[in-house]
Amino acid sequence: MNKAQSLNDEKSIYLQIAERIENDILRGIILEEEKVLSTNEFARMLAINPATAAKGINILVDQGILYKKRGIGMFVATGAKEMILNRRRGEFLESYVSNLLKEAERLGISKEEIIALIQKSDEI
């Protein structure tokens with residue numbers, strides 16, 4: 001895998017690393033209590049500075065998603081998948097659903113009409 005395939009310019013590299021680890025946890029690629037790549041492995045794989053990789057990993061450590069076993073490496077915490085799901089569901093609600101409902105109200109679209117539109121789009 002090369003840098004161009006795995007990273008983009010839409011957000012900071014360290015945030016992409018944190019998101020990538022989270023996505024791998026959600027997809028079951030990395031399981032709870034399993035070791036994740038080291039900062040040096042991420043740096044080599046993505047051709048980035050190890051400090052950048054460390055910053056992404058540390059975000060997840062601060063959130064309790066990863067933890068360090070001294071001298072061994074970083075591991076996925078028990079309950080990490082549920083923590084990620086809960087946080088992302090909250091972000092989804094705030095970013096998408098709340099904005100959808102506000103815009104629907106401005107346009108005079110009822111909640112029932114929104115539900116019907118969602119069900120109709122499911123048929124497409």
Side-chain angles (χ1 to χ4, degrees):
M1 162 186 323
N2 67 40
K3 185 176 177 180
Q5 290 176 328
S6 59
L7 299 173
N8 61 56
D9 294 331
E10 293 175 20
K11 62 175 82 168
S12 299
I13 293 171
Y14 70 93
L15 292 175
Q16 291 179 63
I17 290 169
E19 188 174 84
R20 177 184 184 157
I21 294 169
E22 284 186 346
N23 289 341
D24 285 351
I25 293 168
L26 291 176
R27 289 193 305 257
I29 295 169
I30 307 172
L31 303 175
E32 293 180 358
E33 297 304 322
E34 191 170 275
K35 185 178 180 191
V36 299
L37 293 176
S38 71
T39 56
N40 289 332
E41 289 169 324
F42 268 113
R44 262 192 312 276
M45 182 175 66
L46 301 173
I48 61 172
N49 187 311
T52 302
K55 191 171 180 181
I57 289 172
N58 286 334
I59 288 171
L60 299 178
V61 170
D62 292 345
Q63 294 175 353
I65 292 167
L66 298 180
Y67 68 94
K68 183 177 185 172
K69 285 187 181 179
R70 190 175 208 105
I72 300 175
M74 292 291 182
F75 290 78
V76 178
T78 299
K81 185 173 183 174
E82 193 63 33
M83 284 187 274
I84 296 166
L85 284 171
N86 288 337
R87 190 192 78 246
R88 287 194 178 182
R89 285 178 179 142
E91 290 169 353
F92 179 80
L93 177 63
E94 186 61 36
S95 296
Y96 295 99
V97 177
S98 295
N99 289 334
L100 171 75
L101 293 174
K102 288 174 190 171
E103 183 65 14
E105 185 178 341
R106 286 190 287 271
L107 298 172
I109 301 172
S110 70
K111 289 180 183 177
E112 291 77 17
E113 289 173 296
I114 293 170
I115 292 168
L117 289 170
I118 292 169
Q119 289 172 335
K120 184 177 178 181
S121 71
D122 235 8
E123 298 168 2
I124 298 175

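The shown structure was predicted, so the numbers you read here are calculated from the model rather than taken from an experiment.
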Min side-chain heavy-atom separation Val61-Lys68 under 4.5 Å: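 No, every pair of side-chain atoms sits at 4.5 Å or beyond.
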
Separation of Phe42 CZ from Ile57 CD1 (nearest 0.5 Å):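 The CD1 atom of Ile57 sits 5.5 Å away from the CZ atom of Phe42.
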
Distance-minimising heavy-atom pair for Ala53 and Ala43: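 Ala53 and Ala43 have their closest heavy atoms at CB-N, 4.3 Å.
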
For the student: nearest non-hydrogen atoms of Asn40 and Pro50, plus distance: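 Heavy-atom minimum between the residues: OD1-CB, 3.7 Å.
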
Backbone N/O of Ile72 and side chain of Lys35: donor-acceptor pair under 3.5 Å: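 Judged by distance alone, yes, a pair lies under 3.5 Å.
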
Ile25 CD1 to Ile84 CD1 distance, which is reported to the nearest 0.5 Å: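 Result: 4.0 Å between the selected atoms.
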
Backbone of Ser38 reached by a side-chain donor or acceptor of Glu41 within 3.5 Å: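 Such a contact is found between Glu41 side chain and Ser38 backbone.
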
Ser98 side chain vs Leu93 backbone, donor-acceptor pair below 3.5 Å: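 Yes: the side chain of Ser98 pairs with the backbone of Leu93.
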
same_hphob_cluster(Ile29, Phe75) at 4.5 Å side-chain heavy-atom cutoff: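 As far as the 4.5 Å side-chain criterion goes, Phe75 and Ile29 are not connected within one cluster.
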
Name of the residue among Arg27, Lys81, Arg87 meeting salt bridge (charged side-chain N to carboxylate O under 4.0 Å, His left out) with Glu22: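 The residue from Arg27, Lys81, Arg87 that satisfies salt bridge (charged side-chain N to carboxylate O under 4.0 Å, His left out) with Glu22 turns out to be Arg87.
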
Nearest-0.5 Å distance that lies between atom CD in Glu112 and atom CD1 in Ile115: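 Rounded to the nearest 0.5 Å, the CD-CD1 separation comes to 6.0 Å.
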
Note, Ile17 side chain near Leu46 side chain (heavy atom, < 4.5 Å):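 SC-SC contact between Ile17 and Leu46 confirmed.
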
Minimum-distance pair of heavy atoms, taken over all atoms of Ile118 and Ser121: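 Where Ile118 meets Ser121 most closely, the heavy atoms are O-OG, 2.8 Å.
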
Lys/Arg N to Asp/Glu carboxylate O, Glu103 vs Arg106, below 4.0 Å: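 Result for this pair is yes, salt bridge flagged.
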
Shortest non-hydrogen separation from Gly64 to Ala77 and the atoms involved: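 Closest pair (atom of Gly64, atom of Ala77, distance): O-CB, 3.2 Å.
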
Glu33, CD: over 12 other non-hydrogen atoms inside 6.0 angstrom: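 Counting neighbours around CD of Glu33, more than 12 heavy atoms of other residues, nucleotides or ligands fall under 6.0 Å, so yes.
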
Among Leu15, Ile21, Asn23, side-chain contact (heavy atoms from CB on, under 4.5 Å) partner for Glu19: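 The option that passes is Asn23.
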
Euclidean distance, Glu91 CD relative to Asn86 CG, rounded to 0.5 Å: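 It comes to 11.0 Å.
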
Ile59 and Tyr14, any side-chain heavy atoms less than 4.5 Å apart: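 SC-SC contact between Tyr14 and Ile59 confirmed.
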
Hydrophobic cluster membership, Val76 vs Leu85, 4.5 Å side-chain cutoff: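 They do share one cluster, since a chain of ILVMFWY contacts under 4.5 Å joins Val76 to Leu85.
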
Transitive ILVMFWY side-chain link Leu101 to Leu117, under 4.5 Å: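 No, it is not one cluster - the side chains of Leu101 and Leu117 are not joined through contacts under 4.5 Å.
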
Whether Glu32 side chain and Gly79 backbone form a donor-acceptor pair below 3.5 Å: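 Here the side-chain-to-backbone pair exists.
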
Linked, directly or transitively: Ile30 and Tyr67 (ILVMFWY side chains, under 4.5 Å):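 Not linked; separate clusters.
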
Verify same cluster id: Ile114, Phe92 (apolar side-chain graph, 4.5 Å):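 Yes, same cluster.
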
Spacing of CG belonging to Asn58 relative to CD belonging to Gln63, to within rounding of 0.5 Å: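 So the CG of Asn58 and the CD of Gln63 are separated by 11.0 Å.
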
Spacing of Leu31 atom CG and Thr78 atom OG1 [to the nearest 0.5 Å]: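 Going from CG on Leu31 over to OG1 on Thr78, the span is 11.5 Å.
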
